[in-house]
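Working notes, structure below.
Per chain, numbering begins at 1; letters A, B, ... match sequence-line order.
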Amino acid sequence: MAGSHDVLAVLKDRFADAIARAFPQLAGQAVDPAIAPGKNPKFGDYQCNAAMAVAKLVGGNPREVAKAILAAVDVSDLAEPLTDASIAGPGFINVTIRTDALAGLLTAMDTPTLGLEPATGAARQTIVVDLCGVNLAKQLHVGHLRSTVIGDTLARVLARLGHNVIRQNHVGDWGLPIAMVASRLMDQAAAGQIDLARITLADLDSAYKEAKKAGTSESAALAACRKYAMGSKLEAEILAQVEDAKAIENRGKEVLVKLQAKDPAVYKVWQLISDVTMQQCLATCRDLNAIVLPEHTAGESAYAEALGPLVDDLLSRGVAEISQGAAIVRVDDLEPGPPPAPPVLIRKSDGGYLYATTDMAAIRHRCQTLKADRVVYVVGAPQMLHFKQVFAAARKAGYAERAGKPVSLEHAAFGAILGEDGKPFKTRSGQSAKLQDLVELAQERAQAVLAERAELSEYDRTTIASAVSIAALRYTDMSSERLRDYVFSPERMVAFEGNTGPYLLYALVRIKSIFRKAAERFGPAESAAAAAAPLTLGQSAEKNLAMALLRYSSVTQDVGRTLEPHRLCAFIYELAGAYASFFDACPVLTAPDEATRRSRLRLCSLTERVLVDALTLLGIPVIDRM
RNA sequence: GUCCUGAUAGCUCAAUUGGAUAGAGCGUCGGCCUCCGAAGCCGAAGGUUGCAGGUUCGACUCCUGCUCAGGACGCCA
């Protein structure tokens, strides 16, 4: 619920009320009061843009409608008096908030929750956030940065809004690829080529690539060879390799069957692969300050037992049907509108299950067992069609319901990270970039910037470098629109200037510094005195800062609704900017009098607390100095 | 072939979901530290929002058709 400090919400209520009274014939129709913060300060702080829409509905002149709204609305407690001069252009109503009212609103916001009250009762939801999504035997690559960081932030935001958040790391730990790796490792161990006890993730990663290569590439080469009618000798050579590949794949399939039957020898190797991968994955998540813990692991293997019964259930209820020997769910009759989604394949003609089957089992588990009201998938954009199909199939199956109400299934899709050449981000050597390398690169840059600070202890330098590099990485990743690809430039991370994560931390440490100095100059009780001081917002920089602070709760709720962290990034950047301008224009410790000093200190304190709260939502560690 | 997503300043990105003169950062140019942290502040230059139509008081935003880029499409995950 909107608190009394939320200007936007208050104005919406007031104007909606005014419109209803001025135009009773519109009763029953929900008319959007269309309140928006003013873009240009000369048009006031807020504007009501409803007159044009209302004029259309009632068939009147927009400016006359605006006058009628003006006559009916009462905002005298908040704003400068509204006159005909407040109506501009085709019918905009400009509202300028009085500075004393602003001070009152800010005072009302100065509570432990900073005006952002956690949801309670029916408004409090259980929300599953699917994030990270690492695959066994594979290094985390840059794509996992996005799933992990965006997922972590969305989970933090939703929890901050009062919801019961359940993180789920849907680990790719099942299926033929893993079995192929296990098969290869067992062969190599048997041949004395490797020591399973000392195996690393890098070893697993290369085993994965080799297994995949040995198992598939030649068949493609053969196809190409035939297509271009190449020499029969070459074809025969490739044919022999294909036979090898088929043999390897068949071995893999045998191992998969054993794995699914929990054959002790195979299962032990699988467990090893899992342990090595997850240890590294969780360590990298820690390095990113992302809350991804062992208890969040809910791998595909966890649903293995459920797949058979699930398909049987769907077939028996007629939700699924057999087509060309495979079990499918048709969803084109459910998704309205032209592009009908193709059917979802849930069981292959050879009896094997697919990842769509696993995802359906996961949806059922999340809705029915975990009691989710909302499930959020933080997974890359290439899987949009997949989720569209699976969500539709789950609804058709009745899995996505809780207590008779539909569970909201949302794919928070994100774009790719590109290199400066516009192609997927790679390392110099052309390998797909490992996330760990990216983290280390950011750490090194931050260390280099801090190297000059002789006054900092080694411990401080390490802590600060970590925070700064996390700020840079996470902010870079989340500050642009989620769905868009973005270009990652290591070059730009050197500077830590401008619209970056470190800039936000810089604003914070300057506030902290002021409070350290305040205690020195005016005694330890100064902060406490300032905390209760009356706020005066005479300077425009003070007013701007206040306006920014008041937006915090509505922005955070927007992020919870839209699942778009860049809105929070933009807000913090604007808040930090408003503070920087205030810092420059309004001396705090050398303010002209004690009342002004304490008012400004209180403003600093509020800014600090909002910054800390918001930075924490972004998963950026807060620091005292840098 | 069908479908999805995108295209905004030299570069990287915004634009409160249809509102007024499209805003930031980087880079460029010019100011500001004997004064609370210059990782900063203030200012300037920089735009036919891919192209062409349409919808209306009003379009970066919605509709149609193109162009370009990336991606996904029943027996991989």
Side-chain angles (χ1 to χ4, degrees), chain A residues 8 34-40 42-43 47 49 52-53 55-56 61-62 88-92 94 135 172 174-178 212 216 300 323-328 338-350 352 354-356 358 380-386 388-389 413 415-416 418 420 422-424 449 468 476 479-481 483-489 491-492 495-500 502-503 505-507 509-518 521 551 554-555 558 562 566-567 569-571 573-574 577 580-581 583-591 600 604 625-626:
Chain A
L8 205 57
I35 306 294
K39 243 182 210 166
N40 190 329
K42 91 178 179 200
F43 295 130
Q47 53 181 268
N49 301 331
M52 285 76 77
K56 189 168 284 183
N61 177 317
F92 300 112
N94 293 323
N135 294 306
W174 210 238
L176 188 56
I178 305 302
K212 194 174 176 185
T216 58
E300 294 173 345
S323 166
Q324 297 167 36
I328 63 166
V344 191
L345 195 57
I346 55 171
R347 193 179 67 198
K348 298 190 283 182
S349 51
D350 69 1
L354 297 110
Y355 76 135
T358 307
Q383 306 220 36
M384 277 196 291
L385 177 60
H386 166 70
K388 184 180 181 181
Q389 291 176 292
L418 306 177
E420 281 166 300
K423 290 187 286 199
V449 172
V468 168
T476 299
S479 55
S480 57
E481 207 183 336
L483 194 55
R484 279 178 52 141
D485 296 349
Y486 76 90
V487 176
F488 179 85
S489 159
E491 193 65 26
R492 233 169 282 134
F496 293 154
E497 284 158 5
N499 190 351
T500 64
Y503 173 86
L505 286 175
Y506 184 67
V509 299
R510 291 208 292 185
I511 300 176
K512 301 255 190 192
S513 180
I514 281 187
F515 279 99
R516 282 195 296 270
K517 290 216 160 64
R521 293 190 202 175
R551 286 171 43 214
S554 70
V555 166
D558 286 347
T562 62
H566 80 280
R567 295 165 184 270
C569 290
F571 165 78
Y573 179 66
E574 280 156 27
S581 298
F583 180 87
D584 203 64
C586 304
V588 178
L589 302 179
T590 55
R600 289 178 179 171
C604 286
R625 61 191 84 224
M626 63 190 281

Q: Kindly say whether, by distance alone, the side chain of A:N94 makes a donor-acceptor pair under 3.5 Å with the base of B:A20?
A: yes
Q. What do you reckon, do A:F92 and the base of B:G19 stack, with centroid distance below 5.5 Å and planes below 30°?
A. no
(Q) Ring centres within less than 5.5 Å and planes less than 30° apart: is that true of A:Y573 and B:A24 in this structure? (A) no
Q. Under a 3.5 Å cutoff on both atom distances, Watson-Crick or G-U, what's the dot-bracket for RNA chain B ([ ] crossing, | other strand)?
A. (((((((..((((.....[...)))).(((((.......))))).....(((((..]....))))))))))))....
Does any part of the side chain of [Y], heavy atoms only, come nearer than 4.5 Å to the side chain of [X], both counted from C-beta?
{"X": "A:P37", "Y": "A:L8", "answer": "yes"}
{"X": "A:M52", "Y": "A:F92", "answer": "yes"}
{"X": "A:Y486", "Y": "A:L418", "answer": "no"}
{"X": "A:V468", "Y": "A:M626", "answer": "yes"}

Q: Give the ring-plane orientation class for A:Y503 versus A:Y573, where under 30° counts as parallel, over 60° as perpendicular and anything between as tilted.
A: tilted
Between [atom2] on [N] and [atom1] on [X], what's the gap in Å once rounded to a whole number?
{"X": "A:K388", "N": "B:C73", "atom1": "NZ", "atom2": "P", "result": "14 Å"}
{"X": "A:M52", "N": "B:C57", "atom1": "CE", "atom2": "P", "result": "12 Å"}
{"X": "A:F583", "N": "B:A39", "atom1": "CZ", "atom2": "P", "result": "11 Å"}
{"X": "A:Y506", "N": "B:C36", "atom1": "OH", "atom2": "C1'", "result": "11 Å"}
{"X": "A:I35", "N": "B:G18", "atom1": "CD1", "atom2": "C1'", "result": "16 Å"}
{"X": "A:E497", "N": "B:A24", "atom1": "CD", "atom2": "P", "result": "19 Å"}
{"X": "A:N499", "N": "B:A15", "atom1": "CG", "atom2": "C1'", "result": "14 Å"}
{"X": "A:D584", "N": "B:G40", "atom1": "CG", "atom2": "P", "result": "12 Å"}

Given the [atom1] atoms of [N] and [M], what is the spacing between them in whole Å?
{"N": "B:A9", "M": "B:G47", "atom1": "C1'", "answer": "6 Å"}
{"N": "B:U49", "M": "B:C60", "atom1": "C1'", "answer": "5 Å"}
{"N": "B:A22", "M": "B:A45", "atom1": "P", "answer": "14 Å"}
{"N": "B:C51", "M": "B:A44", "atom1": "C1'", "answer": "32 Å"}
{"N": "B:A14", "M": "B:C57", "atom1": "P", "answer": "32 Å"}
{"N": "B:A59", "M": "B:U17", "atom1": "C1'", "answer": "13 Å"}

May I ask you to say what [X] touches in the nucleic acid, namely base, sugar-phosphate or nothing, with a heavy-atom cut-off under 4.0 Å?
{"X": "A:P587", "result": "base"}
{"X": "A:R625", "result": "base"}
{"X": "A:M384", "result": "sugar-phosphate"}
{"X": "A:V344", "result": "nothing"}
{"X": "A:A36", "result": "nothing"}
{"X": "A:S581", "result": "sugar-phosphate"}

Q.
Hydrogens and angles aside, do A:E420 and A:S489 bring a side-chain donor and acceptor to less than 3.5 Å of each other?
A. yes
Q: Go through the side-chain N and O atoms of A:R625 and A:S513 and say whether any donor and acceptor fall under 3.5 Å apart.
A: no
Examine [N]: is either OP1 or OP2 under 4.0 Å from a nitrogen or oxygen in the side chain of [X]? Give yes or no.
{"X": "A:R567", "N": "B:A15", "result": "no"}
{"X": "A:K512", "N": "B:G37", "result": "no"}
{"X": "A:Y503", "N": "B:C41", "result": "yes"}
{"X": "A:Y355", "N": "B:A77", "result": "no"}

Q. How long is the span from the CG atom in A:L505 to the CZ atom in A:F496, to the nearest 0.5 Å?
A. 10.5 Å
Any protein N or O atoms within reach of nucleotides 10-14 of chain B? Criterion: under 3.5 Å, listing atom names and distances.
unit_1	atom_1	unit_2	atom_2	d
B:U12	O2'	A:R492	NH1	3.3
B:C13	OP1	A:V487	N	2.6
B:A14	OP1	A:E481	N	2.2
B:A14	OP2	A:R484	NH1	3.4

Q) With no hydrogens and no angle check, is any side-chain donor or acceptor of A:R600 less than 3.5 Å from a backbone partner on A:P587? A) yes
Q.
Closer than 3.5 angstrom, by distance alone: can the side chain of A:N94 be matched with the main-chain N or O of A:Q47 as a donor-acceptor pair?
A. no
**Q.** A:R510 to A:F583, cation-pi by 6.0 Å centre distance and 45° axis angle
**A.** yes
Q.
Is B:U17 syn or anti, taking syn as a glycosidic angle within 90° of 0?
A. syn
Q) Using the glycosidic torsion, which applies to B:C33: syn (within 90° of 0) or anti (everything else)? A) syn
